[in-house]
Chemist: 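Please see the structure below; I have some questions.
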Amino acid sequence: MHERLFTPGPTEVDAEILRELSKSQIHHRTARFSDLYDDIQINLQKLLFTKNPVFLFSASSTGAMEAAVTNSVKKSCLNLVNGAFSDRWHQITVKNGISCEKVAIDWNKAITPELVADKLASGKFDAVTIVLNETSTGLMNPIAEIAEVIADYEDVVFLVDAVSGMAGTKIEVDNWGIDMCLAGVQKAFALPAGLTVASVSEKLLKRAEEVESKSYYFNLPLMYKYHLRSQTRTTPAIPQIFALQKQLNYIVEIEGIENRFERHRKLANYVQNWALKYFSIYAEPGYWSNTVTCIENTRGVDVANLIDTLVSEYGIRIANGYGDLKNKAFRIGHMGDLTLADITGLLKIIEDILNL
Ligand SMILES: *Cc1c(COP(=O)(O)O)cnc(C)c1O
């Protein structure tokens, strides 16, 4: 049975996009593949407001997060943590034996430019990791303001996990000086899982040459060598790449990039107002996400039961609170290709189930 996903990843994928997965395969060392690769490049660069190359990883986002830290740190990495995924990035850094420091704040609070300025003033760090949009808490960090602080540090590379934000909210990679901006396509791109895209700056590529990444698979300079030939270094996930091409054409040519962001803003607004009417919102005001809302369970609802009922009786899935927030909150993903009608329909059903 088709379960409609209102989860903050994976998200609902259009049937037309799914058909791309079953197209006959092409060889990845052919001109046909390079044309496909180039077409995707152009649209990804438009979407990210960047001139940087955008690499394709046939891996989930976590793989690209690992590539980011293993290719960039010579001195030490500052891991800014205010949620489950930013904490994951810290663990990835530790596991790879890379020198790092975790700065953790409350999960319902945003990382501030002041905090970053204070930490960087020590001169200890040459890389910073941050999550743009914490999917675990529905909080969007003020990346543009933090970018201004980081811009003062010539030798610091700025690594941004934009997994549940990219294609749902504006990210100006070049203006903000983001050295690596990565996202798995199973979130706001509304694509099947299995592929991650990441813009990579010249500064990061230079750094990567000096760092000598211990990873063979996630080696940015080697990936770049193939990028220059409009190829991927290893056999890529061709079906997912077909789907990405189709969806990027839709985003850029048909829907329009700014229109897409505006639609996400409208959906977010609607869900936020609904959440405030019946519950409350977990993240501090001013930093609510454009793509996912984490709703505090102020009514003592049996969240697991609500989710089961939505699935079994309506064929719809939302997400429970993440980790410690399980049953204390629930999350609604309002990202991808969902319409306002989809969202109003979902919220009406929840009202009915809970007798709100
Ligand atoms: C989903 C998500 C990830 C992990 O993605 P995978 O594709 O499962 O590796 C990392 N960061 C954020 C912000 C996410 O939303």
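Just follow the structure's listing: the first ligand is 1, and inside any ligand the first atom is 1. Please read these numbers as outputs of a predicted model, since none were measured by experiment.
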Chemist: Using the side-chain contact (heavy atoms from CB on, under 4.5 Å) rule, pick out the option among Leu5, Ile343, Thr11 that qualifies with Leu338.
Modeler: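 The option that passes is Ile343.
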
Chemist: Are there more than 12 heavy atoms of other residues, nucleotides or ligands under 6.0 Å from atom NZ of Lys23?
Modeler: yes

Chemist: Keeping to residues at least two apart or across chains, list the ring-ring contact (aromatic ring centres under 6.0 Å, His included) pairs with something in residues 294-328.
Modeler: Phe85-Tyr322

Chemist: Could you list the donor-acceptor pairs under 3.5 angstrom formed by side chains in residues 138-151, with sequence neighbours left out?
Modeler:
{"unit_1": "Asn141", "atom_1": "OD1", "unit_2": "Asn82", "atom_2": "ND2", "d": "3.0"}
{"unit_1": "Asn141", "atom_1": "OD1", "unit_2": "Ile111", "atom_2": "N", "d": "2.8"}
{"unit_1": "Asn141", "atom_1": "ND2", "unit_2": "Asn82", "atom_2": "OD1", "d": "3.4"}
{"unit_1": "Asn141", "atom_1": "ND2", "unit_2": "Val131", "atom_2": "O", "d": "2.8"}

Chemist: So which protein residues pack against ligand 1 under 4.0 Å, heavy atoms counted?
Modeler: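 Ligand 1 pocket, heavy atoms under 4.0 Å: Ser60, Ser61, Thr62, Met65, Phe85, Arg88, Val131, Asn133, Thr135, Asp161, Val163, Ser164, Gln186, Lys187.
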
Chemist: Is the His28-Tyr37 ring centre distance short of 6.0 angstrom?
Modeler: no

Chemist: Hey, could you give me each pair passing side chain to side chain donor-acceptor pair (under 3.5 Å) that has a residue in residues 327-344? Not counting sequence neighbours.
Modeler: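 The answer is Arg4-Asp342, Gln247-Asp337, Arg260-Asp337, Thr293-His334, Asn320-Asn327, Thr339-Asp342.
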
